[in-house]
Number of protein chains: 2
Amino acid sequence: MPERAFTAGLRLDRVRLNISESTVRRLSFYLRILEKTGDAGVDTLSSEELAERTGTTAAQVRKDLSLFGSFGKRGLGYAVPQLASELREILGLDRTWRVALVGGGRIGSALFEYGGFRHRGFEIVAVLDADPAKVGTIWGDVVLSDISNLEAVLRAESVDIVVLTIPAEAVPDVLDRVVAGGVRGILNFAPVQLRVPSDVTVKDVHMVMELEALSFALSQTGGE
Amino acid sequence: MPERAFTAGLRLDRVRLNISESTVRRLSFYLRILEKTGDAGVDTLSSEELAERTGTTAAQVRKDLSLFGSFGKRGLGYAVPQLASELREILGLDRTWRVALVGGGRIGSALFEYGGFRHRGFEIVAVLDADPAKVGTIWGDVVLSDISNLEAVLRAESVDIVVLTIPAEAVPDVLDRVVAGGVRGILNFAPVQLRVPSDVTVKDVHMVMELEALSFALSQTGGE
DNA sequence: TCCATTCTGTGAACGAATTCACAAGGGCCT
DNA sequence: AGGCCCTTGTGAATTCGTTCACAGAATGGA
């Protein structure tokens, strides 16, 4: 039983219940919109407006939020900064996450140089690669480590999340060692199924599969 | 009514029926496994084995495939090269798709240098950016074009699919022009909802949202 | 040839997620 | 203060996707 403090609106009794992946993804999207409109000086948003900007329905927005509490005012809508702050807390974004980049190739380096992660509280504290020519090179404020020290680096840097951008064939070995290093969150770019213990969460980014899904869609409607 | 020729096993009557996004994503994954095991010399695979390697269930595999035809042999399983070829056709991968990269920043250049797309039949035939300093530079075998010529380039190169890696604020304008350029498939990396006509298909890759979903998952189980 | 074994293909059952529809709360104007 | 309008929060209904369970096809062995 968790004993952590939540804000008044949060429903402790429901927090542990099945929240679907799609709900979480939408929450993340709602938060983005709230931050954007908040910056633009808007202070209230209805479920309808939120739905329109995120490509869903007003009922869906209200249902998603209702899983965590009552954050709106009937007749009025949602207070933008307040709801944003609730969502940040729900999503666990009221802290910094320590991220290691495992794989320093094309994708890995693009993610590193792309500042978008750090701005949202994901700090890259280590980069690892198997290529001896890369080991020791300086990436921004971190020195690239040899992947043979993986477990040690993960523990020394208290890494929470690993971003895996290694070739498929290297996955089984590296994955075991990531888990052994105590990491319980993995963002996986390799086009293989990661087999992990149940206390480890994996999210996949499969760009080629998305392209193939586009190919399918175009083939369906195309030809005329 | 489509009049195109399909192989014997394909069910013309069902091809247009609702195939869910999850089914398509799995088909793409099955294909990968088939190609990998085919290269390893395996010539037959059961739904059970396919399921294990893709992280789903045997029933799911059979159901997915049954939406398009009967490709297996009872008591035996699926012939690897044959099923791979069927899936390639179903997914529309029996041709080359012409892709334009719109946005030549971090992500865009990483995707360009990453060879994984071309190997699967997605050929990058144009790269466009708004930065005058980049226009005219040579990327592999293409010259980077000014985004002000967007529609013209898309038409001249017969672009099928656009990969959008531009900042969120540039999206509304560029998106309209992508659609005006006749493109009906978009792989979107910008963290905004794309509003497009119904004959245009969009697939999103939202890496930061995936990270936030990880943050949520870790917050749920963490703390003890 | 016949039986035992294996694994597919698929209706039916189930469960999860979305949408509907409306009662109740809140603000504003007169 | 009262009435009107607006928008939330949420059970109920519906739709969609997954899992179950088994009949039927293919193979190999006796």
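Numbers restart at 1 for each chain; the letters A, B, ... are given by sequence-line order, proteins then strands.
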Distance in angstrom units between A:Phe71 CZ and C:dG26 P, rounded: 16 Å
Please report the distance, rounded to the nearest Å, between CZ in A:Phe68 and P in D:dT10. 14 Å
For A:Asp64, is there an ion pair with A:Arg26 - N to carboxylate O distance below 4.0 angstrom? yes
Could you check whether any side-chain N or O of A:Ser109 sits under 3.5 Å from a backbone N or O of A:Gly105, counting only pairs where one atom can act as donor and the other as acceptor? yes
Where the side chain of B:Arg120 meets the backbone of A:Val208, is there a donor-acceptor pair that is under 3.5 Å apart? no
Each nucleotide in nucleotides 25-30 of chain D should get exactly one letter: B, S or -. Can you fill that in based on protein heavy atoms under 4.0 Å? BS----
In the 5'-to-3' direction, what one-character label does each nucleotide of nucleotides 12-21 of chain D receive under the scheme B = base within less than 4.0 Å of a protein heavy atom, S = sugar-phosphate only, - = no such atom? B----SSBBB
Between A:Arg62 and A:Ser47: side-chain donor-acceptor atoms closer than 3.5 Å: yes
Kindly say whether B:Ile147 contributes a backbone atom to a donor-acceptor pair with the side chain of B:Arg177 at under 3.5 angstrom? yes
Separation of atom OH in A:Tyr30 from atom C1' in D:dT8, rounded to whole Å: 14 Å
Quick one: is A:Tyr78 getting a side-chain N or O under 4.0 Å of the D:dG9 phosphate, OP1 or OP2? yes
Between B:Ser215 and A:Gly92, is there a donor-acceptor pair closer than 3.5 Å when you use the side chain of the first and the backbone of the second? yes
Given 3.5 Å as the limit, does a donor-acceptor pair link the side chain of A:Ser85 with the main chain of A:Pro81, or not? no
With no hydrogens and no angle check, is any side-chain donor or acceptor of B:His206 less than 3.5 Å from a backbone partner on B:Ala190? yes
Between C:dT18 atom P and A:Leu65 atom CG, what is the distance in whole Å? 13 Å
So does A:Gly103 get a backbone contact from the side chain of A:Thr165, meaning a donor-acceptor N/O pair under 3.5 Å? yes
For A:Glu35, is there an ion pair with A:Arg88 - N to carboxylate O distance below 4.0 angstrom? yes
Among residues 43-55 of chain B, which contact DNA chain D at a heavy-atom distance under 4.0 Å? none
When you measure from the side chain of A:Thr37 to the backbone of A:Ile33, do you find a donor-acceptor pair of N or O atoms at a distance under 3.5 Å? yes
